[in-house]
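Read through the structure below, which is laid out as structure tokens, and then see the notes.
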Number of protein chains: 2
Amino acid sequence: MGIVERKEREKQMRREMILQAAETVFFEKGLRAATLDEIAEKAEVSKGTIYLHFASREDLYYSLMTRGLLLLLKMFRDVKPEDADPAKVLYKLADAYLKFSQEQSYLFKMLAVVENPAVSEQVSPEVSSDLEEASDGILTYVAGFVQRGMDDGIFRSDISSHEAVILFWVSLNGILNLKERSLAMKKNNCLKAESIIGSVDFDVLYGMCQHYLVDFLTQEETRKLSGRNAARKPKVVQKHSKAVTQK
Amino acid sequence: MGIVERKEREKQMRREMILQAAETVFFEKGLRAATLDEIAEKAEVSKGTIYLHFASREDLYYSLMTRGLLLLLKMFRDVKPEDADPAKVLYKLADAYLKFSQEQSYLFKMLAVVENPAVSEQVSPEVSSDLEEASDGILTYVAGFVQRGMDDGIFRSDISSHEAVILFWVSLNGILNLKERSLAMKKNNCLKAESIIGSVDFDVLYGMCQHYLVDFLTQEETRKLSGRNAARKPKVVQKHSKAVTQK
DNA sequence: TATATTTACTGACTGGTGGTCAGTTAATAA
DNA sequence: TTATTAACTGACCACCAGTCAGTAAATATA
């Protein structure tokens with residue numbers, strides 16, 4: 001009896017149509033200005049139907065973000081790291097993330113909202129948990145390569161792969177976010193060229209950061225940190241020790 | 001004739017009262033759930049009066065953020081870097097930022113909203129420009145120390161002080177934001193302990209990042225990058241070159 | 001086939017909120 | 001005493017997220 005399956009398929013299609021329309025409208029109008037009426041109209045569906053699929057406006061928005069993250073994960077998987085060098089893989093993943101931010105710029109901008117705790121609180125637990133799962137899926141995927149590098153002895157191991165991945169994510173994502181912000185402000189003419197954010201070439205900075213992050217991981221742990229706590233309260237700055245030995 | 005001055009003072013006080021009330025309400029209810037009626041009531045002022053001082057809800061919110069940034073700048077200035085070592089100053093500034101995120105956690109959370117381009121577009125140019133100015137003031141303040149370190153030859157100079165400051169900001173701020181997010185999710189019970197974000201101790205990570213960022217700046221530029229573009233497309237990974245020379 | 005039940009969907013309606021503005025009050029100027 | 005200006009008020013409007021009684025169609029039952 002394929003009726004149940006067909007119904008399920010149709011339900012998913014409806015959901016997909018709504019998500020598609022929402023993506024367009026949220027992108028065009030922004031989170032605040034977009035209205036559900038408009039989304040309903042664009043999806044050729046009544047407003048009530050939207051609420052059959054999503055518990056609230058925020059849930060709909062978060063579902064879009066989850067979809068975005070899944071796409072990002074797909075792009076990461078498409079990197080196809082056939083060569084075994086984890087450092088190269090990390091480079092390629094960072095490249096892929098830059099590409100994602102450019103090609104799917106509306107999705108990328110939407111993802112920045114997750115940073116905002118005020119919005120997060122309005123979301124139902126399941127949807128929030130879905131997003132968390134997708135987010136963790138990406139981080140775990142990347143962490144796998146980092147861990148492999150550590151196991152192979154290529155990467156330093158005075159830092160956990162989890163911490164390393166967070167560092168990667170935070171730095172690269174932060175640069176891309178600031179880039180978007182500076183672009184937005186330039187468009188609004190409220191960014192002076194002599195300001196710091198206005199004067200930095202974020203694409204160049206991204207490349208540099210990408211380089212140094214991988215480089216940081218490929219260094220051996222020569223610092224005087226025996227454990228983690230040593231990094232916590234660094235009273236003594238060893239400003240010349242390294243530089244001298246390197247000369 | 002001190003009448004004009006007195007009026008101006010009173011006007012500023014009114015504004016201050018509104019901001020104070022708004023801060024409380026926005027913090028208690030979140031950006032979306034907070035209402036102007038409630039703010040008006042708490043400020044002992046009619047709703048119309050709010051609009052004499054702020055053009056919109058978003059403007060009010062952004063003004064709060066600007067105030068928050070000015071407080072942060074004050075905390076940075078209080079670091080009183082009497083010792084001339086720029087590396088130590090950067091440490092202390094990072095410590096101060098951590099302190100800010102802890103002691104003024106609601107202000108810190110509010111500042112994360114600036115990352116969201118969808119909100120930024122709803123704000124009047126002047127207010128947006130105020131915020132930008134405050135933000136730039138902080139970055140410029142920090143950049144001064146970085147530049148001094150470079151001039152003194154303590155810091156590497158294959159990266160501009162502007163870029164270095166952005167890197168600092170992005171990394172440290174990103175870690176603290178993720179920390180807040182993980183705390184919020186733990187409170188909502190939608191963060192599995194085995195997930196990456198759930199397993200990282202962000203305070204430790206912050207300390208490590210703080211350490212490595214300063215350390216990165218105090219390294220000499222031994223890499224094969226002659227200019228910036230070299231960092232853009234790094235095809236060759238020099239995974240052992242540094243580690244070997246350091247041994 | 002006729003009837004009952006379930007499922008999917010609709011769109012008018014409601015409550016609440018951001019934002020407005022005609023009108024009030026009070027201080028100052030003429 | 002009267003006119004003018006400035007600060008402030010709160011009733012009011014437009015709009016929108018979210019609801020729910022009702023419709024239509026598909027499926028199950030008789």
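Note on naming: letters A, B, ... go to the chains in the order of the sequence lines (proteins, then strands), and numbering restarts at 1 for each one.
- A donor-acceptor pair under 3.5 Å is absent between the side-chain atoms of R14(A) and the main chain of H53(A), judged by distance alone.
- Rounded to an integer number of Å, the gap from CZ of R32(B) to C1' of dG18(D) is 11 Å.
- Checking dG19(C), dC9(C), dC8(D) against the side-chain heavy atoms of T49(B) singles out dC8(D) as nearest.
- Rounded to whole Å, atom P of dA8(C) lies 9 Å from atom CD of E8(A).
- For the pair R57(A) CZ and dG18(D) P, the interatomic distance rounds to 8 Å; values are reported in whole Å.
- For the pair Y51(B) OH and dA22(C) P, the computed distance is 17 Å after rounding to whole Å.
- Nucleic acid contact for K47(A): base, since at least one base atom lies under 4.0 Å from a heavy atom of the residue.
- Mapping V45(B) and A55(A) onto DNA chain D via the closest heavy atom, the residue that lands nearer the 5' end is V45(B).
- E38(A) has no carboxylate O lying under 4.0 Å from a charged side-chain N of K47(A), or vice versa, which leaves the two without a salt bridge.
- Between E41(A) atom CD and dT10(C) atom P there is a gap of 13 Å when expressed in whole angstrom units.
- In this entry the distance linking CZ of F54(A) with P of dT19(D) reads 15 Å, nearest Å.
- Separation of atoms OG (S105(A)) and CG (L183(A)) is listed at 9.5 Å; rounding is to 0.5 Å.
- In this structure, A34(B) reaches the sugar-phosphate backbone alone: every heavy-atom distance under 4.0 Å involves primed, P, OP1 or OP2 atoms, never a base.
- Contact check, S46(A) against dG11(C): no side-chain N or O comes under 4.0 Å of OP1 or OP2.
- The listed nucleotides are dG18(D), dT17(C), dC9(C); the one nearest the side chain of D37(B) is dT17(C).
- Atom CD of E10(A) and atom C1' of dT27(D) are 13 Å apart (whole Å).
- Put simply, T35(A) has no side-chain N or O that comes within less than 4.0 Å of OP1 or OP2 on dC16(D).
- The line from CE of M65(A) to CD of E58(A) is 9.5 Å long, rounded to the nearest 0.5 Å.
- Residue R14(A) places its side chain closer to dC9(C) than to any other of dC8(D), dC9(C), dT20(C).
- We find the CG-CD1 distance between L217(A) and I159(A) to be 6.5 Å, quoted to the nearest 0.5 Å.
- Here the P atom of nucleotide dC20(D) and the CG atom of L52(A) are 13 Å apart, to the nearest Å.
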